[in-house]
Amino acid sequence: MADFSHSSDTELLSLNAQVLTDPEEFEHWDKLVQAAQQQEGGLNRNSSPQAIASTREVYDRFLSRFPLFFGYWKKYADLEFAIGGTEAADLVYERGVASISNSVDLWQNYCNFKTETNHDTEMIRDLFERGAESVGLDFLGHLFWDKYLEFEERLNADDRVFSILARVIQIPMHQYARYFEKYHLMAARRPVAELAPPNIIERFKIDIEREPVTKAKNPDDIERLLREQIDAYHMELFNRTQAETTKRWTYEQEIKRPYYHVTDLDDAQLSNWRNYLDFEELEGDYARIKFLYERCLVTVANNDDFWLRYARWMLSQEDGKKTEEVRNIYQRASCTFVPIQRPTVRLWYAKFEESLGHSDLAGDILEAILMNLPGELEVILELANLHRRARGVEAAIQTLRAYVNGAELSPYVRGALVAEWARIMSEINGKPDEARSIFTSHQDQYLDCRPFWLKWFFFEVNQPARDAKDQNLHYQRVKAVYDIVRQRSKLPLPTIKDMTAYYLTYLQERGPSDAMQEVMELDKEVNGPPSVQKRVKQDGMLDGGEGAGPQDYAVAAQPMNGQGTGVGY
């Protein structure tokens with residue numbers, strides 16, 4: 001933690017306190033970084049060790065939380081160059097390109113810094129090649145390629161310039177035509193052997209030699225004819241690149257924010273990225289698809305939908321053999337980018353690890369979520385079911401009971417866990433009487449828990465009834481649950497309306513011989529005009545509280561098929 005104890009700067013101390021209180025607020029961080037860097041009138045080699053150390057720690061903390069802000073990596077590198085020299089700046093740049101490897105701007109800045117501070121040509125070339133591997137496919141990659149070409153041109157390395165251009169002219173990008181024009185001009189002065197792949201040149205030579213009119217031609221004429229064919233070949237490359245660029249321009253022109261920011265993109269931007277990914281996936285080029293995903297995830301880094309899509313796409317490559325790549329995607333999403341308050345991507349990370357036989361690791365992932373979100377019902381249920389799959393039904397029941405009895409959970413969550421415990425006892429252990437006992441013994445504790453009552457209701461509905469006696473008992477049990485819901489529960493009115501709809505359908509499909517009398521009476525009480533509706537009192541209040549109008553009591557019967565749709569948490 002940054003130590004500002006030596007500082008008398010009240011603004012700096014206040015900003016640091018704000019960041020500690022609200023670490024997700026970008027503006028607090030931005031102000032703290034600026035204030036830290038301005039200590040003692042602006043940091044330099046002569047600044048105090050305390051000011052330098054605290055500023056470094058502020059940058060480290062900030063960029064650990066927001067690693068996709070490429071501009072701050074540049075600022076940090078500039079600071080390190082000023083106070084620590086070239087090697088210190090290099091280390092920051094390396095951390096930066098590792099954190100946001102597809103940033104054209106950061107690679108351009110890093111390579112530019114290297115060319116100005118290092119005289120080892122091969123080392124600089126190696127860096128440019130790393131950059132080309134990382135950002136060479138970017139639609140706006142011309143800033144990087146221009147810097148690479150400029151470096152080789154200053155060395156008068158025409159062969160390398162031409163070689164770079166030969167790569168660039170085949171990449172769909174914004175300024176493809178400018179590079180092709182430069183390539184075409186250089187091609188007129190380069191040896192034929194450099195103008196196309198050897199197999200292409202050999203094929204052209206064979207075609208020329210097979211033409212009768214060329215037998216008497218001298219070598220110069222043959223080379224001229226060969227260059228003409230190669231020029232035609234280059235035009236085919238140009239037309240292909242132009243066509244590929246045009247197809248992508250449809251999506252590129254709609255990208256309004258190609259960089260990361262803490263604010264979410266609007267729906268139109270998200271839709272454009274989805275459409276762009278759809279297009280590139282249909283094109284089928286693995287490298288381009290992967291690069292577009294990485295580009296997209298800079299702009300939507302906090303959106304779990306795109307991380308899940310990326311992981312699923314990667315999992316489908318090479319017959320599911322890219323497990324390390326998939327794991328890396330889940331780890332980046334879970335550990336850095338997607339807020340813990342949205343645990344979905346972490347739940348799928350746990351499922352992924354379990355699918356590989358790593359049940360203990362999957363459990364660790366789920367328990368890590370619960371350390372931050374101790375009352376997250378979905379995660380507790382996932383953990384219980386993981387234990388069931390890995391260690392058996394009793395392990396799942398023990399997990400549920402442990403959370404019901406030990407954790408600081410809301411009554412709503414406890415009630416849902418009790419309902420799941422009863423469901424497992426009935427559906428998996430085959431002990432409906434014990435399940436019913438669980439529901440009955442806990443009913444007074446969870447009068448306001450929707451999943452508890454819905455699961456109990458459908459538990460009773462789904463029990464078999466083999467004869468008239470069983471059917472009568474079945475009806476009495478279903479009605480008993482519904483009566484408690486309507487007369488004693490503290491459920492919100494919409495839930496009671498849903499339950500009434502389910503019960504009406506039950507009466508029509510499985511009720512006793514006089515069920516229509518109850519249906520008509522209940523329908524009158526619930527769906528009739530205000531003068532005949534019957535409002536059930538709860539806690540001394542009319543159902544629905546003050547201001548509830550007649551329309552609040554209307555209920556439309558719903559089919560029992562697909563019961564689970566009404567039992568969500």
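Atoms considered below: every heavy atom in the structure, side chains included; atoms not considered: hydrogens, waters and symmetry mates.
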| message | Phe459 vs Arg423, test: side-chain contact (heavy atoms from CB on, under 4.5 Å). Steps then yes/no. | response | CA-CA 8 Å; Phe459 160 75; Arg423 185 196 68 81; over 6 Å; no

Point-to-point distance, once rounded to the nearest 0.5 Å, from [atom1] of [X] to [atom2] of [Y]:
| X | Y | atom1 | atom2 | value |
| --- | --- | --- | --- | --- |
| Asp470 | Arg477 | CG | CZ | 8.5 Å |
| Leu383 | Arg388 | CG | CZ | 12.5 Å |
| Glu420 | Ile397 | CD | CD1 | 10.0 Å |
| Leu137 | Leu292 | CG | CG | 10.5 Å |
| Thr495 | Leu454 | OG1 | CG | 6.5 Å |
| Glu382 | Ile369 | CD | CD1 | 8.5 Å |

May I ask you to decide whether [X] forms a salt bridge with [Y], counting only side-chain N to carboxylate O separations under 4.0 Å?
| X | Y | result |
| --- | --- | --- |
| Glu94 | Arg130 | yes |
| Glu283 | Arg288 | no |
| Arg95 | Asp60 | yes |
| Glu525 | Arg486 | yes |
| Lys455 | Glu460 | no |
| Lys322 | Glu325 | yes |
| Arg488 | Asp483 | no |
| Glu521 | Lys524 | yes |

[X] ring center near [Y] ring center (under 6.0 Å):
| X | Y | answer |
| --- | --- | --- |
| Tyr259 | Phe70 | no |
| Phe306 | Trp313 | no |
| Phe26 | Phe69 | yes |

Is there a donor-acceptor pair closer than 3.5 Å between any side-chain N or O of [X] and the backbone N or O of [Y]?
| X | Y | value |
| --- | --- | --- |
| Ser355 | Phe352 | yes |
| Gln443 | Phe439 | no |
| Trp307 | Ala301 | yes |
| Thr336 | Ala333 | no |
| Trp421 | Arg401 | no |
| His387 | Thr399 | no |
| Asp514 | Gln517 | no |
| Asn462 | Phe458 | yes |
| Glu353 | Tyr349 | no |
| Asn429 | Lys431 | no |

Close side-chain approach of [X] to [Y], heavy-atom, < 4.5 Å:
| X | Y | answer |
| --- | --- | --- |
| Ile484 | Trp453 | yes |
| Tyr502 | Val461 | no |
| Pro432 | Gln463 | yes |

With sequence neighbours left out, write down each residue that passes side-chain hydrogen bond (donor to acceptor under 3.5 Å, both in side chains) with [X], or none if nothing qualifies.
| X | value |
| --- | --- |
| Arg309 | Asp278, Glu281, Tyr293 |
| Arg342 | none |
| Gln341 | none |

| field | Pair Lys75-Glu80, salt bridge (charged side-chain N to carboxylate O under 4.0 Å, His left out): steps then yes or no | value | CA-CA 9 Å; Lys75 291 179 182 179; Glu80 284 293 0; over 6 Å; no

Quick check: are there more than 12 heavy atoms from other residues, nucleotides or ligands sitting under 6.0 Å from [atom1] of [X]?
| X | atom1 | answer |
| --- | --- | --- |
| Asp267 | CG | no |
| Gln445 | CD | yes |
| Asp360 | CG | no |

Would you say the side chains of [X] and [Y] form a donor-acceptor pair under 3.5 Å?
| X | Y | result |
| --- | --- | --- |
| Thr500 | Tyr482 | yes |
| Tyr59 | Gln37 | yes |
| Trp73 | Ser99 | no |
| Arg257 | Thr263 | yes |
| Glu518 | Tyr475 | yes |

| Can you list the steps and then say if Trp348 with Tyr330 is a side-chain contact (heavy atoms from CB on, under 4.5 Å)? | CA-CA 8 Å; Trp348 280 101; Tyr330 278 124; 3.8 Å; yes

| Please walk me through it: do Glu280 and Tyr251 pass side chain to side chain donor-acceptor pair (under 3.5 Å)? | CA-CA 11 Å; Glu280 205 66 78; Tyr251 308 102; over 6 Å; no

| said: Checking Gln34 against Asp30 for the side chain to side chain donor-acceptor pair (under 3.5 Å) test, could you report, in this order, the C-alpha distance in whole Å, the side-chain angles of both residues, the deciding distance, and whether it holds? | reply: CA-CA 6 Å; Gln34 294 182 45; Asp30 183 43; 3.1 Å; yes

| Given the rule in the side-chain contact (heavy atoms from CB on, under 4.5 Å) test, do Tyr260 and Ile100 qualify, once you have shown the distances and angles that lead to the verdict? | CA-CA 10 Å; Tyr260 172 78; Ile100 178 169; over 6 Å; no

| task | Apply salt bridge (charged side-chain N to carboxylate O under 4.0 Å, His left out) to the pair Lys351 and Glu354, showing each step before the final yes or no. | result | CA-CA 5 Å; Lys351 290 180 174 72; Glu354 185 185 357; over 6 Å; no

| Run the side chain to side chain donor-acceptor pair (under 3.5 Å) check on Tyr310 and Glu294 step by step: do they pass? | CA-CA 9 Å; Tyr310 189 17; Glu294 292 291 343; 2.8 Å; yes

| task | Step by step, work out the side-chain contact (heavy atoms from CB on, under 4.5 Å) result for Glu25 and Gln18. | result | CA-CA 9 Å; Glu25 179 55 57; Gln18 285 181 336; over 6 Å; no

| said: ring pair (Phe, Tyr, Trp, His ring centres under 6.0 Å), that's the test. Do Phe62 and His28 meet it? Break it down for me. | reply: CA-CA 10 Å; Phe62 169 68; His28 295 339; over 10 Å; no

| Over-ring placement of Arg436 relative to Trp456, 6.0 Å and 45° cut-offs |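 No, a cation-pi geometry is absent between Arg436 and Trp456.
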
